[in-house]
Amino acid sequence: MLGFSVYLGEAFDELYIETMLNHGFKYVFTSLQIPEENSELYFDRLKALKLLVGDKAEIIADASPHAFQNLGLSYKQPDVLKGLGIDYIRLDISLAIPDIISLLSEVKIVCNASTDAISLL
C-alpha cells in the first residue's frame, strides 16, 4: 500500500503528484485539521485534487469531529464527503458506532493508531 501526502493549504506540486502516481502510489493522504492552514480553501482544493489524481489514486482525509464541526461538515452526511473527492476518512478520534456506520455508506474508514479501538468494537 503506497501513498503520499498533499497539503491542502499549499499550492499543489503537479509534477510531484504525477511522478508519485506514475510510480504506483495509489493513495493521497491529506488533513482537514491543520490549524495554520486556511480551511476555507479545503473544499475547492479537495475537488481540484480529485480531478488531478482522477482514478489513479484514492484520497484519504484525516479528520476529527472538531475539524468537521469547524468546516460545517457532518459524519452523518457521507455523500457530501464523497462529493468533495474524499474516498477514505482517517478517524483521528473515536466515533460512536452509528456515526461509523453512516460513513460507510459512501466512504471507507481508516483508523488512526491513536483511535480508541475499544469503542470500535
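Between Leu21 and Val53 the shortest side-chain heavy-atom distance falls below 4.5 Å. Counting heavy atoms from C-beta on, the side chains of Lys26 and Leu2 never come closer than 4.5 Å. A heavy-atom distance below 4.5 Å is not found between the side chains of Phe43 and Val80.
Looking only at distances, a side-chain donor or acceptor of Arg45 sits under 3.5 Å from a matching main-chain atom of Leu8. Side chain of Glu58 to backbone of Tyr88: no donor-acceptor contact under 3.5 angstrom is found. Under the 3.5 Å distance criterion, the side-chain polar atoms of Glu106 are left unmatched by any main-chain donor or acceptor of Asp79.
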Subject >> Intermediate values then yes/no, side-chain contact (heavy atoms from CB on, under 4.5 Å), Tyr42 and Ile34 >> reply: CA-CA 11 Å; Tyr42 282 176; Ile34 299 177; 4.1 Å; yes

**OP:** Take Phe29 and Val6 through the test side-chain contact (heavy atoms from CB on, under 4.5 Å) and record every step on the way to the result.
**Re:** CA-CA 6 Å; Phe29 178 81; Val6 172; over 6 Å; no

Original post:
Would Leu32 and Leu46 satisfy side-chain contact (heavy atoms from CB on, under 4.5 Å), going step by step from the backbone distance to the final call?
Top reply: CA-CA 10 Å; Leu32 301 178; Leu46 277 166; 3.9 Å; yes

Subject >> Residues Thr19, Asn22; criterion side-chain contact (heavy atoms from CB on, under 4.5 Å); working and verdict >> reply: CA-CA 5 Å; Thr19 299; Asn22 289 337; 5.8 Å; no

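Atom-to-atom distance recorded for Asp55:CG and Lys50:NZ is 8.5 Å, nearest 0.5 angstrom. Atom-to-atom distance recorded for Ile86:CD1 and Leu81:CG is 5.0 Å, nearest 0.5 angstrom. Distance check: Phe25 CZ to Glu18 CD gives 13.5 Å after rounding to the nearest 0.5 Å. Distance check: Ser31 OG to Ile60 CD1 gives 12.5 Å after rounding to the nearest 0.5 Å. In this structure, the separation between NE2 on His66 and CG on Leu71 is 9.5 Å, given to the nearest 0.5 Å. To the nearest 0.5 Å, atoms OG (Ser105) and NZ (Lys82) are separated by 10.5 Å.
Of the residues listed (Asp87, Ile17, Leu52, Leu49), the one engaging Val28 in a side chain to side chain contact (heavy atoms under 4.5 Å, CB included) is Leu49, and it is the only one.
The two atoms that bring Gln33 and Ser64 nearest to each other are OE1-OG, 2.8 Å, heavy atoms only. Nearest heavy atom pair, residue Thr30 against residue Tyr7, reads OG1-CA, 4.2 Å.
Centroid-to-centroid, the aromatic rings of Tyr16 and Phe4 come within less than 6.0 Å.
Under a hydrophobic-cluster definition in which Ile, Leu, Val, Met, Phe, Trp and Tyr are linked whenever side-chain heavy atoms come within less than 4.5 Å, directly or via other members, Ile59 and Leu104 are assigned to the same cluster.
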